Amino acid sequence: MTTKKFASQADLEEKKVTFSQISEHAWAYTAEGDPNTGIIIGDDCVLVADTQATPAMAADVIRRIREVTDKPIKYVVMTHYHAVRVLGASAYNAQQILASQDTYDLIVERGEQDKASEIGRFPRLFSNVETVPAGMTWPTMTFTGKMTLWLGTLEVQLLQLGRGHTKGDTVVWLPQERTLLSGDLVEFDATPYAGDAYFKDWPQTLDNLAALQPAALVPGRGAALVTPEQVSAGLRGTRDFIADVRASVEAGVAAGKDLNAVYKETMATLRPKYGHWVIFDHCMPFDVTRCFDEMTQYTHPRIWTAERDVEMWKTLEG
């Protein structure tokens, strides 16, 4: 029996990038299930949500923005703290890097460990990692609950609609054209990473997103959703996955089973429905471990370190 290679270290295949306009002022930078970036082009400046993992990778986003506008990139929004989303920020030379105060607090608490953990898990997503500046990517301005920006006459709302993927999740909402940049609260045909998640809160948070009635949505991973029907499918798929992981883990915990047994059962239960989704095998050990923690003794996610990652992987996949 061969041991499964740790996390996504064996994933070396480059993905094809798509850059497409999804509403009057919003664009989606997507890459076949790799992390997405959302772009808002206002009257006088540009906002970028989720920066890519390195400045070298961010340079490709900037190149595509420059094909459609020469307006300055004034704002970078961190939808949450994960390294793969924020370490490219320095490339944009933005006036402000915006995040929720909860996200700021998480960077203080676990930013360094998370950075080391993520780079070790999924090297391909950190192309030219040597271009990342030392230290952390810090917000220059934080908010709690809601912040409104005006890009000329274009209203842009930064909203915290509940915990889900992390404690600090922020979405970017254009009320005038009902367009949402969801970060990793919503995925489409891609497995939600839930290693730092709140399983009990996430479904309600998705209901709060749905209540906005988005007509278009840039998910954290997967293709841009450009009709209300596609948006509903993305919300439903993410909600179902989170609920199905939780139901399987809860049943195992109630039966007194240990993490290894719960993991094997949950993999077997979910693979027929979700096994074709991008990074299913990568995410599930982290997702089940976090869900098991939440259902047993840890309300809040424990910090992942490079050492804890490998130890967990050996326990579940060794």
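Model, not experiment: these values are computed from the prediction.
The local environment of NZ in Lys273 is crowded, with over 12 non-hydrogen atoms from other residues, nucleotides or ligands closer than 6.0 Å. By the 6.0 Å contact criterion, NZ on Lys71 is enclosed, its count of non-hydrogen atoms from other residues, nucleotides or ligands being greater than 12.
Taking the six-membered ring where the residue is Trp, His165 and His82 present perpendicular rings, their angle passing 60° and hence far from 30°.
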Please test Arg124 against Asp34 for salt bridge (charged side-chain N to carboxylate O under 4.0 Å, His left out), starting from the C-alpha separation and ending with a verdict.
CA-CA 10 Å; Arg124 180 178 61 75; Asp34 274 1; 2.7 Å; yes
Given side chain to side chain contact (heavy atoms under 4.5 Å, CB included), test Phe286 with Asp309 step by step and report yes or no.
CA-CA 8 Å; Phe286 298 95; Asp309 289 357; 3.7 Å; yes
Taking it one step at a time, do Thr144 and Gln101 satisfy side chain to side chain donor-acceptor pair (under 3.5 Å)?
CA-CA 6 Å; Thr144 300; Gln101 183 61 40; 5.8 Å; no
Please test Arg163 against Asp102 for salt bridge (charged side-chain N to carboxylate O under 4.0 Å, His left out), starting from the C-alpha separation and ending with a verdict.
CA-CA 10 Å; Arg163 302 185 299 195; Asp102 288 322; over 6 Å; no
Given the rule in the side chain to side chain donor-acceptor pair (under 3.5 Å) test, do Tyr29 and Asp60 qualify, once you have shown the distances and angles that lead to the verdict?
CA-CA 10 Å; Tyr29 179 100; Asp60 189 58; 2.5 Å; yes
Step-by-step side chain to side chain donor-acceptor pair (under 3.5 Å) determination, Thr238 to Glu187
CA-CA 6 Å; Thr238 304; Glu187 313 289 19; over 6 Å; no
For Leu185 and Trp202, run side chain to side chain contact (heavy atoms under 4.5 Å, CB included): C-alpha distance rounded to whole Å, both residues' side-chain angles, the deciding distance at 0.1 Å, then the answer.
CA-CA 8 Å; Leu185 277 170; Trp202 200 335; 3.7 Å; yes
Walk me through whether Ser117 and Asp114 qualify under side chain to side chain donor-acceptor pair (under 3.5 Å).
CA-CA 5 Å; Ser117 158; Asp114 179 80; 5.2 Å; no
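Among Ile41, Ile39, Val48, the one residue that satisfies the side-chain contact (heavy atoms from CB on, under 4.5 Å) test with Ile73 is Val48. Among the candidates Thr191, Val288, Val245, the single residue satisfying the side-chain contact (heavy atoms from CB on, under 4.5 Å) test with Leu270 is Val245.
To the nearest 0.5 Å, atoms NZ (Lys167) and NE2 (His80) are separated by 14.5 Å.
Defined by atom type and a distance below 3.5 Å, a donor-acceptor pair is missing between the side-chain atoms of Asn128 and Thr54.
Residues Trp277 and Tyr274 place their aromatic rings such that the two centres sit under 6.0 Å apart.
Under a hydrophobic clustering in which Ile, Leu, Val, Met, Phe, Trp and Tyr are joined whenever their side-chain heavy atoms come within less than 4.5 Å, directly or via other members, Val46 and Trp27 fall into the same cluster. When hydrophobic clusters are built by joining Ile, Leu, Val, Met, Phe, Trp and Tyr residues whose side-chain heavy atoms come closer than 4.5 Å, directly or via intermediates, Phe19 is grouped together with Val76.
With side-chain heavy atoms closer than 4.5 Å counting as contact, directly or through intermediates, the hydrophobic cluster containing Leu158 also holds Ile22, Ile40, Leu47, Tyr75, Val77, Leu98, Met141, Phe143, Met147, Leu149, Leu151, Leu154, Val156, Val172, Leu174, Leu181, Val218, Val226.
Among all heavy-atom pairs drawn from Thr137 and Val86, the shortest one is OG1-O, 3.3 Å.
Cation-pi check for Arg121 over Trp304 is met; the charged atom lies under 6.0 angstrom from the ring centroid and within 45 degrees of its normal.
In this structure, Arg308 pairs ionically with Asp293, as a charged nitrogen and a carboxylate oxygen lie closer than 4.0 Å.
Side-chain atoms of Thr170 never come within 3.5 Å of backbone atoms of Ala99 as a donor-acceptor pair (strictly under, hydrogens ignored).
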